[in-house]
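Below, all heavy atoms of this structure are taken into account, side chains as well, without hydrogens, waters or symmetry copies.
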Amino acid sequence: MTTFSFEQREQRETKFKAILLQRQQYLQTRLEKIEHDFEQPRNRDDDDRAVERNNDEVLDELGEAGQTELLAIEAALHRVKEGTFGICAKCGNGISDQRLDIVPHTPFCQSCAHALQHL
């Protein structure tokens with residue numbers, strides 16, 4: 001387990017908080033665009049309506065994935081505020097910067113995430 005000095009922890013939290021906030025803003029904007037697309041009038045042509053329905057399904061899935069990620073980001077920002085960001089919620093060990101660079105909102109270290117995926 002890597003231990004950080006107070007200054008290192010502060011710098012690390014500041015870095016990842018900025019990344020999380022940027023991603024949060026991006027997702028909120030994307031979800032607003034998806035919502036706007038759902039509100040658009042539908043085409044009267046049967047073939048075009050079929051395509052629109054397929055597009056709506058894709059947009060709905062993207063919206064659900066975005067909502068899920070937004071919740072995970074909000075939880076990560078809460079962990080930053082509480083001083084527990086970067087600490088695995090399952091085992092209490094530190095989460096590596098390499099893992100946080102890939103999935104900044106993760107509450108789990110690589111080992112615990114792997115174990116949870118194989119339950």
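Although no hydrogens or angles enter the test, the distance criterion places a donor-acceptor pair under 3.5 Å between the side chain of R79 and the main chain of H105.
Residue K90 qualifies as open at atom NZ: its count of foreign heavy atoms under 6.0 Å is 12 or below. Crowding of Q28 atom CD: a count of heavy atoms from other residues, nucleotides or ligands under 6.0 Å exceeding 12.
Y26 and L100 fall within the same hydrophobic cluster, where Ile, Leu, Val, Met, Phe, Trp and Tyr residues are linked whenever their side-chain heavy atoms come under 4.5 Å apart, directly or through other members. Tracing side-chain contacts under 4.5 Å through hydrophobic residues (I, L, V, M, F, W, Y), one reaches I19 starting from V80; they form part of the same cluster. I73 and L71 fall into different hydrophobic clusters, where Ile, Leu, Val, Met, Phe, Trp and Tyr are joined by side-chain heavy atoms under 4.5 Å apart, directly or via other members.
Taking both residues in full, the closest heavy atoms of C91 and C88 are given as N-SG, 3.5 Å, listed atom of the first, atom of the second, then distance. Taking each heavy atom of C109 and R99 in turn, the nearest pair found is C-NE, 3.6 Å. Scanning all heavy atoms of the two residues, the minimum distance from A76 to L20 falls at CB-CD1, 3.8 Å.
Evaluated for a side-chain contact (heavy atoms from CB on, under 4.5 Å) with F108, the options V103, N93, I95, L116 yield exactly one hit, L116.
L77 CG to F16 CZ: the interatomic distance, rounded to the nearest 0.5 Å, is 13.0 Å. One distance of note links NE2 of H114 with CD of Q117; it measures 7.5 Å at 0.5 Å rounding. In this structure, the separation between CZ on R12 and CD on E7 is 15.0 Å, given to the nearest 0.5 Å.
Inter-residue side-chain proximity for E74 and H78 is flagged as unmet; no heavy-atom pair is nearer than 4.5 Å.
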- Going through the checks in order, is the side chain to side chain contact (heavy atoms under 4.5 Å, CB included) test met by L31 and L70? CA-CA 10 Å; L31 290 173; L70 267 178; 3.4 Å; yes
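Side-chain contact of Q25 with T29: a donor-acceptor pair under 3.5 Å is present, judged by distance alone.
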